[in-house]
Protein chains: 2
Amino acid sequence: MSGTEPQAAQGHDDPAAEQAPPGRPHTGRRRNEAAHRAILDAALNLLADSDGTPVTIDAIARTAGVGKQTVYRWWPSKGAVLLDALTDRADQDVRGPDTGTLRTDLHAFVATTFDAAQRSTTASALRTLAREAARDPHLAELMQTFTATRRTALRELLSRGRERGELADDADLDLIVDQVYGVFWYRFLLGHAPLDPGAAERLTDALITGNGSA
Amino acid sequence: MSGTEPQAAQGHDDPAAEQAPPGRPHTGRRRNEAAHRAILDAALNLLADSDGTPVTIDAIARTAGVGKQTVYRWWPSKGAVLLDALTDRADQDVRGPDTGTLRTDLHAFVATTFDAAQRSTTASALRTLAREAARDPHLAELMQTFTATRRTALRELLSRGRERGELADDADLDLIVDQVYGVFWYRFLLGHAPLDPGAAERLTDALITGNGSA
DNA sequence: GTTTGTCGAGACTGCTAGTCTTGTCAAGTG
DNA sequence: CACTTGACAAGACTAGCAGTCTCGACAAAC
């Protein structure tokens, strides 16, 4: 997902993806890369300045100067387009920092995550995506992979710390991960409390102290 | 909200609520209490065995044997009906236990909360409600009050503990609250990890250790 | 130049929230 | 009892949106 290859998200038999190996190699008109990019860009832009308002396929197609069918030729659902548009720009290999000290690594990870929610474009995109995922099971599934990637990165960061003895041997890493992302999403979606540097700092400290060795 | 009085959720000038004091006291046919209860019951039942599937107003009205207009006469939106149906049965005064020991109180609170997500009826109702809230700003606002009530109860429980010296003086109570509800909702909605008694136990311990005095 | 697949455009279906209409029924009022 | 007023059930209607289908044009291979 992302980049120039349409690659229409998981489990979708993409009519363009290399065309089934046997039989004809490929005849007919080739796909229009410009249109492909235009769709992704349009989706991202609409996502960015939508702040909560649902983004419609019609709007994406119109903004991209493209027929609706062209959108559905390459993506299986609206959600797939939106997620593709987001991940197109987001770092795909979310790799936690590795400074050799758990506190530093964890704090950097948490602070970066929290900070991303302050950038208004990312924020509205993420918010809209979350809202869409609530109604679209297909997108919800795609989001699972998205969130799972991030959880894994964080878990490995913690795992390294535990191996160095900075966390108790029996610390529940998955629970720590979920405390980070739980607080993040809970505050992000409800908006009742800030996701500022102070919160990142205090959360980091509480997590390490609460699960430390000794 | 809840109980026998329609009371059509916050900020809605309920056409029945006592009828404006001045002018006529009340003429015409009285509201049908049976229909009112039938709507609430129908909503709750549909919510309970919907598991994610959206609950439509048509379905509620049909199940209750009531005209759609009757629903809209007493509630301003679908979300209001759903939330009213849920809070109708849920304990309105969510009061945390007060045993005199933070660990006991907090563990009971967390375990109860987590456990509620295991009852299939509550679970599907809550899940559907969360999904609906994502698309319906009106409902989202109502949910804010719902979640705020619970956060306050938890916060007070923690506050008592802090006064007894079981938490550091500078512990960030709001952050602890959000760690509990963050983990809860994050796991509840994503379903990637369990909300079992073990998780409740470990979370409790981590929170107290991580924010303890000394 | 024929075949095959893509393109833009937009009509169309199906679903649902919320409104409006209609005819009926119940509870007070004179 | 007649009349007024508001609640009621039923259901037609509007509006918005996802996803499908159709159509005529176009581009790449053979």
Side-chain angles (χ1 to χ4, degrees), chain A residues 6 8 12 14-20 23-39 42-43 46 50 53-82 128 131-133 135-139, chain B residues 6 8 12 14-20 23-39 42-43 46 50 53-82 128 131-133 135-139:
Chain A
H12 175 239
D14 186 352
E18 300 304 321
Q19 186 74 5
R24 285 104 8 126
H26 185 272
T27 59
R29 185 179 183 173
R30 297 310 168 74
R31 81 165 90 92
N32 184 348
E33 278 310 327
H36 180 245
R37 277 248 48 93
I39 292 170
L46 290 172
S50 70
T53 326
V55 175
T56 71
I57 284 281
D58 267 302
I60 295 176
R62 232 179 313 111
T63 307
V66 142
K68 259 204 314 182
Q69 194 50 251
T70 305
V71 177
Y72 280 108
R73 190 182 308 282
W74 303 105
W75 289 274
S77 70
K78 186 181 74 161
V81 184
L82 295 184
T128 305
R131 280 176 216 256
E132 298 284 346
R135 91 178 61 182
D136 176 357
H138 192 344
L139 176 55
Chain B
H12 174 239
D14 185 349
E18 300 306 318
Q19 185 75 7
R24 286 103 10 125
H26 184 273
T27 59
R29 186 178 183 173
R30 297 309 167 71
R31 81 164 91 90
N32 184 347
E33 277 311 326
H36 180 245
R37 277 248 50 92
I39 292 171
L46 290 172
S50 69
T53 325
V55 174
T56 70
I57 284 280
D58 268 303
I60 295 175
R62 231 179 314 109
T63 307
V66 141
K68 261 209 304 185
Q69 193 51 252
T70 304
V71 177
Y72 281 108
R73 190 183 309 280
W74 304 105
W75 289 274
S77 71
K78 187 181 75 163
V81 184
L82 296 184
T128 305
R131 280 178 217 255
E132 298 283 348
R135 92 178 62 183
D136 176 358
H138 192 344
L139 177 55

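The figures that follow rest on heavy atoms only: side chains count, while hydrogens, waters and symmetry mates do not. Naming: A, B, ... by sequence-line order, numbering from 1 per chain.
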Asks: What about R29(B), does its side chain sit under 3.5 Å from the base of dC25(C) through a donor-acceptor pair?
Replies: yes
Asks: Is there a side-chain polar atom (N or O) of T70(A) under 4.0 Å from OP1 or OP2 of dG8(C)?
Replies: yes
Asks: Compare side-chain N and O positions of R73(B) against OP1 and OP2 of dA7(D) and report whether any pair is under 4.0 Å apart.
Replies: yes
Asks: Without decimals, in angstroms, what is the distance between R31(A) CZ and dA29(D) C1'?
Replies: 16 Å
Asks: Considering just the side-chain nitrogens and oxygens of R30(A), establish if one lies under 4.0 Å of OP1 or OP2 belonging to dA29(D).
Replies: yes
Asks: Do any side-chain atoms of residues 57-64 of chain A form donor-acceptor pairs under 3.5 angstrom with protein atoms, and if so which ones, sequence neighbours left out?
Replies:
residue	atom	partner	partner atom	Å
T63(A)	OG1	A59(A)	O	2.6

Asks: Can you list the residues that meet the side-chain hydrogen bond (donor to acceptor under 3.5 Å, both in side chains) rule with T70(B), with sequence neighbours excluded?
Replies: none
Asks: Let me know the distance between CD of E33(B) and C1' of dA26(C), rounded to the nearest Å.
Replies: 15 Å
Asks: Hey, could you give me the CG/OG1 distance between L46(B) and T56(B), rounded to the nearest 0.5 Å?
Replies: 7.5 Å
Asks: With sequence neighbours left out, write down each residue that passes side chain to side chain contact (heavy atoms under 4.5 Å, CB included) with R135(A), or none if nothing qualifies.
Replies: E132(A), R135(B)
Asks: Take atom CH2 of W74(B) and atom P of dG6(D), then tell me their distance rounded to the nearest Å.
Replies: 12 Å
Asks: Does R30(B) have any side-chain hydrogen bond (donor to acceptor under 3.5 Å, both in side chains) partners at least two apart in sequence or in another chain, and if so, which?
Replies: H26(B)
Asks: How does protein contact run along nucleotides 11-18 of chain C, one letter per nucleotide 5' to 3', with B for base contact, S for sugar-phosphate only, - for none, heavy atoms under 4.0 Å?
Replies: B----SSB
Asks: Over how many whole Å does the gap from I39(B) atom CD1 to dA10(D) atom P extend?
Replies: 12 Å
Asks: Find the distance between CD1 (I39(B)) and CH2 (W75(B)) and round it off to the nearest 0.5 Å.
Replies: 4.5 Å
Asks: Tell me the interatomic distance from Q69(A), atom CD, to dA18(D), atom P, rounded to whole angstroms.
Replies: 15 Å
Asks: For the pair made of CZ in R131(A) and C1' in dC17(D), what is the distance, rounded to whole Å?
Replies: 17 Å
Asks: Nearest whole angstrom, please: distance from the P of dA18(D) to the CG of L139(A).
Replies: 12 Å
Asks: Run the side chain to side chain contact (heavy atoms under 4.5 Å, CB included) test against S77(A) and tell me which residues pass, sequence neighbours left out.
Replies: A80(A), D136(A), H138(A)
